[in-house]
Structure formats: structure tokens, C-alpha cells
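Contents: one structure, followed by commentary.
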Amino acid sequence: MDKLILIDGNGIIYRAFFAMPPLTNSSGVHTNAVYGFTNMLLRLIEEEKPTHILVAFDAGKVTFRHEGYQDYKGTRQKTPPELSEQFPLMKELLQAFGIAQYELEGYEADDIIGTVTKLAEQENRQVIVVTGDKDMLQLASDHIKIALTRKGVTEIEMYGPEQVMERYGLTPSQITDLKGLMGDTSDNIPGVPGVGEKTALKLLHQYGSVEELLAHTDELKGKLKENIETHAESARMSKQLATIYRDVPLTQTWEHMKFSGLQADTAVPALRKLEFKSLLERLSLVTSGEAEVSEQDIPAEELNVKIVTEQNMHELEGALSQIDVLHVETHGDNPHQASIVGIIMSSPEEQFYIPIELLKSDSGRKVAEWFADSKISKRGYDLHRTDLALHWHGITFAGASFDVQLAAYLLDPTEANQEISDLARKYGLPSLPLDEDVFGKGAKYKVPSEDVLTVHLARKAAALRKIISKQEEELRSNEMNRLFYDMEMPLSRILADMEKQGISVHKDDLRALGKEFEEQLDKLVQQIYEIAETEFNINSPKQLGEILFDKLGLPVIKKTKTGYSTDAEVLEKLAPYHDIVQFILQYRQLAKLQSTYVEGLLKEIRPETGKVHTYYRQTIAATGRLSSQFPNLQNIPIRLEEGRKIRKVFVPSEPGWYILAADYSQIELRVLAHISDDERLKEAFLHDMDIHTKTAMDVFGVKAEEVDANMRRSAKAVNFGIVYGISDYGLSQNLNIPRKEAARFIEQYFEVFQGVRRYMDEIVKEAKRDGYVKTLLERRRYLPDINASNFNLRSFAERTAMNTPIQGTAADIIKLAMIQMDQALQDHRLKSRMLLQVHDELVFEVPEDELETMKKLVPETMEKALPLSVPLKAEVSYGVNWYEAK
DNA sequence: GCACGGTCG
DNA sequence: CAAAACGACCGTGCT
């Protein structure tokens, strides 16, 4: 028999909010009401096993128009933002649960419930109405039970007509009479003064209804008689007000309310997102079908995994054409130095574990050829790392066609480090033991026995196959196929090539530079100790703070969480007070160069090649940018001359070759001009004007020749601010001016660049509506805090909404340029090699006879990478080292 | 492992 | 009023 659970959405979430202790997820969004609601919901599903569920909401976005729920507090009050931010979360969760929700403009949840129960009545269906509002008892009947929440929402009490009679001695329909007499202050139902529940019940037991009572007021006496006669109209009206409307023009049919059990693949990720761990555990009790087994590991026998030896190698060779998933387990953060722990080659029917030594040996030749064949497509997790690790073990890897890690990154670039087990859980697949549990963590890392290892890797491969089909669907529905298959996948191979190639570092010159720094540092240290009249660790901000502020009594400009701030900004301000400060600033600068760029870089040079091989990570930056590690070659000094010298040690790897570098000019502002479609900004770039000068002219309303250095500097800061998601405070800090003045600049900017203002407004609105923002090429970034009540979180999300499409589109563009450049080098049969990417810059090493070609080809390719409504501009230069390529 | 500070785009 | 620019990595000190 059908059973419908009908929930008063607003009422329950409101009660849950006040009943539950405050609860926030790790990013500070309140979730307590959603938690309470969900807890109750899961319990009801378990206990009542409904076939249909509908959650009714008041129409309108955040305003409570309905009154019934507010008897809790006794007075009307505005919905706190901590609660209103939970409505979208709740609705999203219901959707993930496959539970119908309904709201209709101009009607309250009560009205919808009244109407649905009326229809159910007519069709002989069973309904449980879940509400905190006693008024609803009027709906009780043989078919309709009212589940009244008590103590918030954790307990419910079920009312049929008998229970109503037991409790009040009234029939359900008399509940309206009761309200008519006693009223309800929170609902603005006046009732009759002086009549409370007791009197009202007594009168109703005697007369049955408001009408009947009013017809017999002559039988009453004293004050009561007077009150009732005076307020007879109020009593009638109050009864009317308390009567639930039951004729809403519904568009939702019975079929829409159907509930066929929670589906783990959507419910699990939704609960995980909310960080409801205890509910996740309960979920297995109420999910249907497949999900029942989802908590279990796949039994080892079912994996059908074979360990490959010289003897049975032919079996693997025979199955090669069936292998559709590959997993290479590596150990070590740096893939250029990673060990290979194990390799699983997996087909839907059987899986093969092949030891790396066997693969390297003569007997493994055929399999190694399979790995190297770019025409054979390989699917797996982090194939970029796989490629590098295998490369340094002498195995060529080619033909990557689907990388699960990369797909997971595109589907949610902010979710950090999504391991295979995390993804299996996300998609409700059979669970995997954690790597941490199999191998141990950090220093305790240990490769388990071959049996254990083999089974673990086979489980991973089996999970990958299923994850891939889920991701294929998700990529397609997010319209990310082009981004994935035509951009990130091909780029992954190009990055690996660049990294394997590496860039030569002139070790002796670097050591010599270190020597120079050393001598200067020694002098500075002595001078600092002398002035301080004591020796201390200058590298310790704590000790330095004590010297500057306690001992020397300099004014405290800024504090950190743990004590005095001693950063460069503070020291600059302190410089006029004391000579020591200049020395400390110089010390800091040199110490940084020495430790990070001389010593750090020296450690990363491979003795065999004299090169550094960075590792570009494609799945870290939330905006779509690359990051660089071991060493980071994206933050080599350039702004100050002392540091810039470091660039002299980056040299071509072949004699007579050159380093050639090309960088995009103002790519982010050009992107902004395109996506905001701002006429003024577009015009500036169409005429290739100096954008900061042009901004100064427009903002300050002066001619080009009237723009002084200071105006240009301010305009430049404003342009940066615009790209970062402007705030008057941020600008005021940057320019060291009062906030009000910064606010004026911004206002003037927006007056002129109205298209930019429109873009900023629109993108934030879009983010609030969709929960994410996109780049030109459909790269997404979710912004869960965009509707947060916490000002900080919300503001941050808003700035991110403004910045990400800009920074992200710029990242898209240079990635396209790299792919096209890689192709161009092949097409032109050039020996030149692409070595580095630094966000808006590409660095090559080029033989002399290709210089002329490359000087044209590189900027042209970069400029054509993605046609926009404004031209892209790339500037090229070259020299005998990276320093000279300026 | 976290806090701080500094380097880049 | 609050609190603040966007995105990264890495070395040192200290718990």
C-alpha cells in the first residue's frame, strides 16, 4: 500500500535550527538545521518505509510568510541569516536524496499540505504529515496521521483522530474552533481575550463549535459572557484564520512524489559535502539496491588477479588487447625520484600484477612496447606521475586517454587530493582500504607483502573502471569534454615532456653567487648584532620581535596571531626609527635568496644531467593554473636586481643555443575586457594603449601628458584590484591611503568602466544562483560560501567569483597556446624545446639557426591561441641565459 | 605540523 | 561595525 510522508519544510527546518546546537562545516557554513532535518528524515524513512515523500515549502525565497512555526518563540522575528543560508543546502540535499519538493507562489506549506491530504483522502491513500504546528491536527483522519515534532525535531508523536480526542476531547475539525477561541499571538490570531486553552476546551466540550457557542451566549455568565459577546466577530474570524486552505491549484502529481529509496551515488557525496559523518554511517540502513553492499570491499577472489612471472608472461601478452585500465603505484612526492611499488594491468575479466623488474627485463619487452605505444589508449589515475616515474625507470609511457585524477580536478578543482578511495566513496562504489592503512604514513611507509599489495592494487583498478564511467557522464553533462579531452589530457603529456627535458643550471656560477651572498650576509649579521648589542637568531620572528619591540622599544605596527609582526611592510615603516631595520631588511632579502634559491636550487640539480626537472601539477590551483614543485620554477626572483641574478644560472642545455622567453602582455585585463564586454577597456586594447596610463586618464579625467607617475601607480593598483575582486580596504592597503579615498577611486573607475561594473555584479549574482562560476572554456569552480552569513567567508567567495573567471580564462589560454606550440614545433620540425611555463610566460631553448623562426612563431602562436574581442599580445626576447631573455 | 615570511604571476 | 585584495611553493623556527 502506498504511503506518503508529507513534510512541512519551513516549519521543520525552523524548529531544527533552534533545537540543534550551532554546527558549521569546515568552511564555516551553518548546517545545524539541515542536520536536524536530515536526521529526522532518515529516521522516518527507516521506520515508516514510505513509497512517496513530498517536502512542501512556503513560496518566496527566504522570508517566512507563514506563522505557524513561530509559536516556538512567541513573537515574530526575522529569519536569522544563519538559518536562511541553510535553505539552499536543504533543498540541494533533498534533490540528492531523490525527494520531491514543492512550493507555489502565494501559498504556504500548510496550504499545500492541506490540499495534498484532501486529494489523498479522496483517493484512499495513506499520509503522514510531519509538522511542528498543532493547527495541523485539524487534518487528522483515518487516512491522515499527523506526526507532531517534540523537543525540536528529534522525537515525534503520532496523532490520528483518536489521539486528538484523547488529548483534547475534540474531533480534528474542532481544532479550528479551539484556535478561534484561544487565539494564537504568534500567528496574529486574536481569539477571545481571557479565553485560554482550558476555558476554550470546556466551552467546546459543551457547545461543540464557535458558531454553536455564539448562538448560546445567553447561557454564560459574568466576565466570560461579556468577553465572548464583545469579541464574537473576532472568534469567527479567528476560526477562519486557523482553518487550513485545501484548494491550492497543484501541479505536482502523485507520481512526482514517488520515493524509491536513497541512491548512494548521489546521497553519499551530498552528505559528505555537508560533512555529516554520523549520518553517512546511518545511510547504509536506508539506501536501496546496490548501495547495500557499497560499504564492503570487493572480495579478493572476485578480483581475479594474477601475479605475472616469466612463466606465465604469455597470459598477459595474450590479454594485452583487453587491458583497459592501468594503475602504477609509486612512492615518493617527487615523481622524478619516485620508486615504483607495483603495477596492475586490468581488463574487465582479469587483472595482472607485473613487477617492475620483470617489465624492465628482456621477458617484459612486449609489455614494455605496449606501454610505449601511443596508439594504445591507457586509462588510469595520475598518468602524468605514472609517465614520469616509469620514464626514470627506463620504461616509455604513451597513449594516456583518460586520467581519473585530472577528471576529478575538473569536476571539482577545490577538492584537495582526491584519491581513488575518496572517489569510490563519492560515487557510492564498493569501498577501498585507504592507502594509508595499507602502506602506513610518512616515515612508517612500508610496502606490504606481495599478496596484500596485489589485492589492494587490483581493487584500485577495479574501482577506477567504474569511476571512469561516472566521470565520463559528469564531464559530458557539465559540457567539459572539450576542456578535458582537447586541453587537459593533451597538456598532461606535454608537461611530462617538458619536465623530462628539464632546464640546465650552471652549478658553479650558482655556487659563486652563493659565495657572494654569504659574504654580504656575514657582514650584515655582525652589524645587526653590534647595533642590537646582543646575538640572536635573526631568522626567528619571535626573537627579532623581542629585540625590536621589547629591547629597542620600536612602535608596534601590526600583530600576528602569535605575537609581533615583523614582515617587510612593518619593517619599512620602522626604518626611520632605527638604523637596525635597514640591515634586517637587507639580511632578509639575502637570506631568502641564499636559502631558497641558491641552496634550495643546488639540492635539486641532478648530478647526472646538471639539470633541474620541475614537476608541474595540473590538479592543484583552483583557478586552472599550473603549479610547479621540486623546485618551483614559477617564482624565480625578477623584481629586484640582486635576486634577478639567479636567472643567469638558467642556461641552454646545448652549446650555442639560446634561452627564448615570451610573455603575454596584460592577459588578465584583456580577458576582462573580453568577458565584461566593456567598451572603454576594449577600446584601450584595440589601440594597444598603455593600460595603466589609460586607466589613469579615464579615472582622473586628464590627458595622457597630464598623467604623472603617482596617478599611473594608483591606476595600476586599481587595475590589480579589479582583477582580484576589488575592495576599498584592499586597495587602501596597497596604496597606503585612507579607505575612503580608495573607495572614491573604485567608484570613479566603475563610473568610467561601466561594463566592468556590470560584469562584477552579474558574476556574483550568477555565483549565488548556480553555486559556481565558469571560465570561457567551461572550467568550473564551486563557491560553497557565496551565500554564507559570515561576512568574511561570503566576501571572500564574492571576490573569488570575480577573479576566477579572469585568472582561469588566462590559464585556459596559455594552456591552449602550449598545445598549439607543441604542435607547431613538430610541424616545423624544429629542434627548439619548450621548457617552462610561468603563468603568462613560456620559456624555450633554441638553436641559433632557429632563433629567427622562433622569434616569430612563439608570439604568433600565443596570440592566436584563442581569439577574443580584443587582441592578445605576446612579447618575445632571448639571450644566453634566462636573465638575458628580458 | 603549524605559523610566519617571502618569492613569483 | 566586522575584515579584507587573487593564485601558488618553500625555508626556518618552534611546538
Side-chain angles (χ1 to χ4, degrees), chain A residues 333 413-414 441-442 536-545 558-571 584-585 587-601 603-604 614-617 619-640 642-644 646-647 663-668 672 717-735 739 742 746 773 781 789-808 810-811 814 836-842:
Chain A
D333 289 335
T414 47
K441 206 164 78 164
F536 65 101
N537 189 343
I538 311 171
N539 289 323
S540 163
K542 186 161 166 267
Q543 293 183 35
L544 178 61
K558 191 166 64 172
K559 290 202 138 205
T560 68
K561 269 183 278 186
T562 51
Y564 306 121
S565 169
T566 67
D567 64 19
E569 197 190 319
V570 168
L571 296 183
I584 291 167
L585 279 165
Y587 172 87
R588 280 258 178 90
Q589 190 197 339
L590 284 168
K592 174 74 176 179
L593 293 175
Q594 186 74 311
S595 67
T596 305
Y597 297 105
V598 176
E599 289 162 6
L601 204 51
K603 280 186 208 142
E604 295 290 346
T614 192
Y615 171 44
Y616 286 109
R617 299 202 60 181
T619 58
I620 298 295
T623 53
R625 276 190 176 184
L626 300 176
S627 79
S628 159
Q629 281 181 310
F630 318 126
N632 180 356
L633 295 182
Q634 293 183 319
N635 70 345
I636 303 300
I638 190 166
R639 286 169 197 172
L640 301 174
E642 293 91 325
R644 192 171 194 157
I646 298 282
R647 294 186 171 225
D663 67 309
Y664 280 113
S665 160
Q666 303 297 349
I667 187 168
E668 291 187 335
L672 175 61
V718 172
N719 278 329
F720 269 98
I722 291 293
V723 169
Y724 291 158
I726 195 100
S727 76
D728 50 10
Y729 180 86
L731 184 64
S732 75
Q733 287 295 295
N734 196 290
L735 284 176
R739 214 186 61 207
I746 294 167
V773 291
R781 178 174 182 177
S789 61
N790 179 312
F791 179 89
N792 262 338
L793 290 176
R794 190 177 62 249
S795 301
F796 189 64
E798 287 169 359
R799 292 195 298 274
T800 310
M802 298 185 237
N803 170 265
T804 294
I806 303 172
Q807 187 181 123
I814 195 163
L836 304 176
Q837 188 252 42
V838 195
H839 308 306
D840 65 354
E841 173 187 15
L842 295 177

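Predicted, not measured: the structure shown is a model, and the values here were computed from it.
- Partners of A/Tyr615 according to the ring-ring contact (aromatic ring centres under 6.0 Å, His included) rule, which considers only residues two or more places apart in sequence or in another chain, are A/His384.
- Across all strands shown, A/Ala717 has heavy atoms under 4.0 Å from base atoms, whether or not it also approaches the sugar-phosphate.
- Among the heavy atoms of the strands lying under 4.0 Å from A/Asp840 are primed sugar atoms or P, OP1, OP2 only; no base atom is included.
- Here the nucleotide nearest the side chain of A/Tyr724, chosen from C/dA8, C/dC6, C/dA3, is C/dC6.
- Across all strands shown, A/Ala622 has heavy atoms under 4.0 Å from sugar-phosphate atoms exclusively, and none from any base.
- Contact check, A/Thr560 against B/dC4: a side-chain N or O comes under 4.0 Å of OP1 or OP2.
- Here the P atom of nucleotide C/dA8 and the CD atom of A/Gln807 are 7 Å apart, to the nearest Å.
- Note: CG (A/Leu672) to P (B/dG9) measures 20 Å, nearest angstrom.
- The distance from atom CG of A/Leu633 to atom P of C/dC9 is 13 Å, rounded to the nearest whole Å.
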Worked verdict on A/Tyr664 versus A/Ile814 for side-chain contact (heavy atoms from CB on, under 4.5 Å)
CA-CA 9 Å; A/Tyr664 280 113; A/Ile814 195 163; 4.0 Å; yes
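- As judged by a 4.0 angstrom heavy-atom cut-off over every strand, A/Arg794 is placed among residues making no nucleic acid contact.
- Side-chain proximity of A/Asn792 to C/dA3, C/dA5, C/dG7: nearest is C/dA3.
- Atom-to-atom, CG of A/Leu544 to C1' of B/dG6 comes out at 14 Å; the value is rounded to the nearest Å.
- Across the protein-nucleic acid pair, A/Asp728 atom CG and C/dC1 atom C1' stand 13 Å apart, rounded to whole Å.
- Between A/Ile636 atom CD1 and B/dG6 atom C1' there is a gap of 13 Å when expressed in whole angstrom units.
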Practice item. Please test A/Gln666 against A/Asn719 for side-chain contact (heavy atoms from CB on, under 4.5 Å), starting from the C-alpha separation and ending with a verdict. Key: CA-CA 10 Å; A/Gln666 303 297 349; A/Asn719 278 329; over 6 Å; no
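- Residue A/Ile620 is in sugar-phosphate contact alone, with no base atom involved, counting any heavy-atom pair closer than 4.0 Å across all strands shown.
- When the nucleotides C/dG7, B/dC8, C/dC9 are ranked by their closest atom to the side chain of A/Thr623, C/dG7 comes out on top.
- A/Val723 comes within contact range of no nucleotide atom at all, as no heavy-atom separation falls under 4.0 Å.
- If you take atom C1' in B/dC2 and the same atom in C/dA5, they sit 24 Å apart, rounded to whole Å.
- Judged purely by distance below 3.5 Å, without hydrogens or angles, the side chains of A/Gln807 and A/Thr623 pair a donor atom with an acceptor atom.
- The side chain of A/Phe796 has C/dG7 as its nearest neighbour among C/dG7, B/dG5, B/dC8.
- Looking at A/Arg588, its side chain has no donor and acceptor atom pair within 3.5 Å of the base of B/dG6.
- Closest to the side chain of A/Ala568, from the set B/dC8, B/dG6, B/dG9, is B/dG6.
- C/dC1 and B/dG6 have their P atoms separated by 30 Å, with the value rounded to a whole Å.
- Listed candidates were C/dA5, C/dA8, B/dG9. Nearest to the side chain of A/Ile638 is B/dG9.
- Close to B/dT7, at under 4.0 Å from its OP1 or OP2, lies no side-chain N or O of A/Arg639.
- Remark: the backbone N or O of A/Pro631 is paired with a side-chain donor or acceptor of A/Thr614 at under 3.5 angstrom.
- No more than 12 heavy atoms of other residues, nucleotides or ligands shown are found within 6.0 angstrom of CG on A/Asp333.
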Scoring nucleotides 10-15 of chain C by protein non-hydrogen atoms under 4.0 Å (B base, S sugar-phosphate only, - none) yields BSSSS-
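- In this structure, A/Lys559 places its NZ atom 16 Å from P of C/dA3, rounding to the nearest Å.
- Between A/Ser627 and the phosphate of C/dC9, there is a side-chain N or O to OP1/OP2 separation shorter than 4.0 Å.
- Of the side-chain N and O atoms in A/Thr566, one or more sit less than 4.0 angstrom from OP1 or OP2 of B/dG5.
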Working for side-chain contact (heavy atoms from CB on, under 4.5 Å), residues A/Asn539 and A/Tyr587
CA-CA 9 Å; A/Asn539 289 323; A/Tyr587 172 87; 3.2 Å; yes
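- Of the candidates C/dA4, B/dC4, C/dG7, C/dG7 carries the atom nearest the A/Arg781 side chain, counting heavy atoms from C-beta on.
- When the side-chain nitrogen and oxygen atoms of A/Arg799 are compared with OP1 and OP2 of C/dC6, one or more of them lie within a distance under 4.0 Å.
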Exercise for review: Under the side-chain contact (heavy atoms from CB on, under 4.5 Å) rule, what do A/Gln733 and A/Arg739 come out as? Steps first, then yes or no, please.
Suggested key: CA-CA 8 Å; A/Gln733 287 295 295; A/Arg739 214 186 61 207; over 6 Å; no
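- Rounded to the nearest 0.5 angstrom, A/Leu585 CG and A/Gln589 CD are separated by 8.5 Å.
- Donor-acceptor pairing under 3.5 Å, judged by distance alone, is absent between the side chain of A/Gln634 and the base of B/dC8.
- When the P atom of B/dG5 is taken as reference, atom CG of A/Leu590 falls 19 Å away, rounded to whole Å.
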